[in-house]
Amino acid sequence: MSKKVVVIGEAREGSLRNVTFEAIAAANIVSDGGEVVGVLCGNGDLSEMGQEMVYYGADRVITVSNEELKTYTTEGYGQAVYAVIEDESPEGIIMGHTSQGKDLTPKLASKLESGLISDATEIVAEGGNIVFTRPIYSGKAFEKKEITDGLVFATIRPNNIPAPNRDDSLAGAVTTKDVEIKSIRTIVKDIIRKSSDGVDLSEAKVIIAGGRGVKSAEGFEPLEELADVLGGTVGASRGACDAGYCDYSLQIGQTGKVVTPDLYIACGISGAIQHLAGMSNSKVIVAINKDPEANIFNVADYGIVGDLFDVVPQLIEEVKQMKV
Ligand code: FAD
């Protein structure tokens, strides 16, 4: 049965995050030929980004612009999105399973007295029902869920549901809605960027991750160079973060970020279960480790037994040669 589905879009520094487009793709599956309505909150003119959501498949987009929405707060965005949902009465809501999504959607679900399927990695229409696949036990198994009655509310893991192709011949209205934002008790004074290049690990397509095997902050330099030539970004194990070789914002794993890049190269990482929880669903995993018995090889598609300080420079040279 076709449904009206709201997609909660996400922007950062004036650009939509790719997961917004993936959420539109997910919403189109859930809506089953119904209507996909984008909602975008922020401050200033959001119409261009709203238009972009249309080009990626939203039937129409509602923007809520307000000084109080300049930076994300649970209360501000919660009020703005809730106001749109009250107007629209959708049968489905989809958002990215990002920091904002993880924060905002449980609050909305509780206010709407609805359930929530979080962190879906696949959505398929099966025999008239929508089936969501999501990881459980830190990614060691997957469960399938259906919502047979009531609001279909879900967050989707970035990099799992392919975004639609951009099509600027698509048309749809981009309208604004005024929402009075009351009682924000959280004041964001400043935002301090931690990762060096601004690439969000959870959306990165290529990640070169370093572990305690890199031995020092300088040991990350070849990894950064490999990330550069492959157009990727650098991540880390908690071992490397705890040792002070890099910032905790790079940590991947159970208590760090969950990533699903196309290519994950683990350098000097043993493969502790807590690390695997954050990266084992990467599409292709390459492990470089001196120890042939290292657990990381159990999840790797390609394993290289060797010293990362010999192997990584060779990889950099090979990739450079391929580009010539
Ligand atoms: P190590 O286990 O010390 O492994 C280093 C590896 O480098 C070894 O396999 C070694 O053979 C190899 N090596 C050394 N030198 C070289 C070289 N020159 N070339 C190639 N290989 C080399 N960990 C996470 O990563 N993320 C998490 O989110 C996380 N959450 C946790 C939560 C809890 C509650 C707990 C208890 C632990 C958590 N941990 C997490 C920690 C985890 O258990 C491991 O301690 C950590 O992942 C180990 O990091 P590592 O693989 O870099 O270091």
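Excluded from the calculations below are hydrogen atoms, water molecules and symmetry mates; all remaining heavy atoms, backbone and side chain alike, are included. Predicted model only: the values in this text are computed from it and were never measured. One-based numbering along the sequence shown. Remember, it's 1-based here, ligands and their atoms both numbered in the order they're listed.
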CD on Gln100 to OG1 on Thr155, rounded to 0.5 Å: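 Here the interatomic distance stands at 13.0 Å.
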Working to the nearest 0.5 Å, report the span between CG of Asn129 and CD1 of Ile147.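 Here the interatomic distance stands at 11.0 Å.
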For the side chain of Lys4 and the backbone of Ser89, is there at least one donor-acceptor N/O pair under 3.5 Å apart?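 No; judged by distance alone, with no hydrogens or angles, the pair does not exist.
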Does Asn160 use its side chain to pair, donor to acceptor, with the backbone of Pro158 at less than 3.5 Å?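 Such a contact is found between Asn160 side chain and Pro158 backbone.
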Carboxylate-amine/guanidinium contact [X] [Y], below 4.0 Å:
X: Glu75; Y: Lys107; value: no
X: Lys177; Y: Asp87; value: yes
X: Glu52; Y: Arg166; value: yes
X: Arg157; Y: Glu203; value: no
X: Arg17; Y: Glu10; value: yes

List every atom of ligand 1 that sits less than 4.0 Å from any heavy atom of [X], numbering the atoms from 1 in the order shown and giving each element.
X: Ala272; result: 42 (C), 43 (O), 44 (C), 47 (O)
X: Gly268; result: 5 (C), 6 (C), 7 (O), 12 (C), 21 (N), 22 (C), 52 (O)
X: Gly256; result: 28 (O)
X: Gln254; result: 27 (C), 28 (O)
X: Gly211; result: 52 (O)
X: Gln251; result: 26 (N), 27 (C), 28 (O), 29 (C)
X: Asp307; result: 17 (C), 18 (N), 19 (N)
X: Ile252; result: 24 (C), 25 (O), 26 (N), 27 (C), 28 (O)

Who's the nearest protein heavy-atom neighbour of [atom], and how far?
atom: atom 19 (N) of ligand 1; value: Leu308 N, 2.9 Å
atom: atom 2 (O) of ligand 1; value: Ser270 OG, 2.6 Å
atom: atom 10 (C) of ligand 1; value: Asn289 OD1, 3.5 Å
atom: atom 30 (N) of ligand 1; value: Thr255 OG1, 2.6 Å
atom: atom 35 (C) of ligand 1; value: Gln274 NE2, 3.7 Å
atom: atom 21 (N) of ligand 1; value: Lys290 N, 3.2 Å
atom: atom 13 (N) of ligand 1; value: Gly213 CA, 3.8 Å

Min heavy-atom dist Ala236 to ligand 1 below 4.0 Å: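 No; Ala236 lies far enough from ligand 1 that no heavy-atom distance drops under 4.0 Å.
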Please state whether Ile296 comes within less than 4.0 angstrom of ligand 1, counting heavy atoms only.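 Under 4.0 Å: no for Ile296.
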Give the C-alpha distance, both sets of side-chain angles, the deciding distance and a yes or no for salt bridge (charged side-chain N to carboxylate O under 4.0 Å, His left out) between Glu225 and Lys320. CA-CA 11 Å; Glu225 198 181 339; Lys320 281 183 178 166; 3.2 Å; yes
Residues Asp119, Arg134; criterion salt bridge (charged side-chain N to carboxylate O under 4.0 Å, His left out); working and verdict: CA-CA 6 Å; Asp119 203 15; Arg134 63 182 298 277; 5.8 Å; no
Option set Arg212, Lys215, Arg238, criterion heavy-atom distance to atom 24 (C) of ligand 1, minimum: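 Residue with the shortest heavy-atom distance to the ligand atom: Arg238.
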Taking the minimum heavy-atom distance to atom 52 (O) of ligand 1, which of Gly278, Pro292, Ser237, Gly239 ranks first?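 Residue with the shortest heavy-atom distance to the ligand atom: Ser237.
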Tell me whether the NZ or CZ atom of Lys144 lies within the 45° cone about the ring axis of Phe132 and under 6.0 Å from its centre.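 Checked: cation-pi criterion not met.
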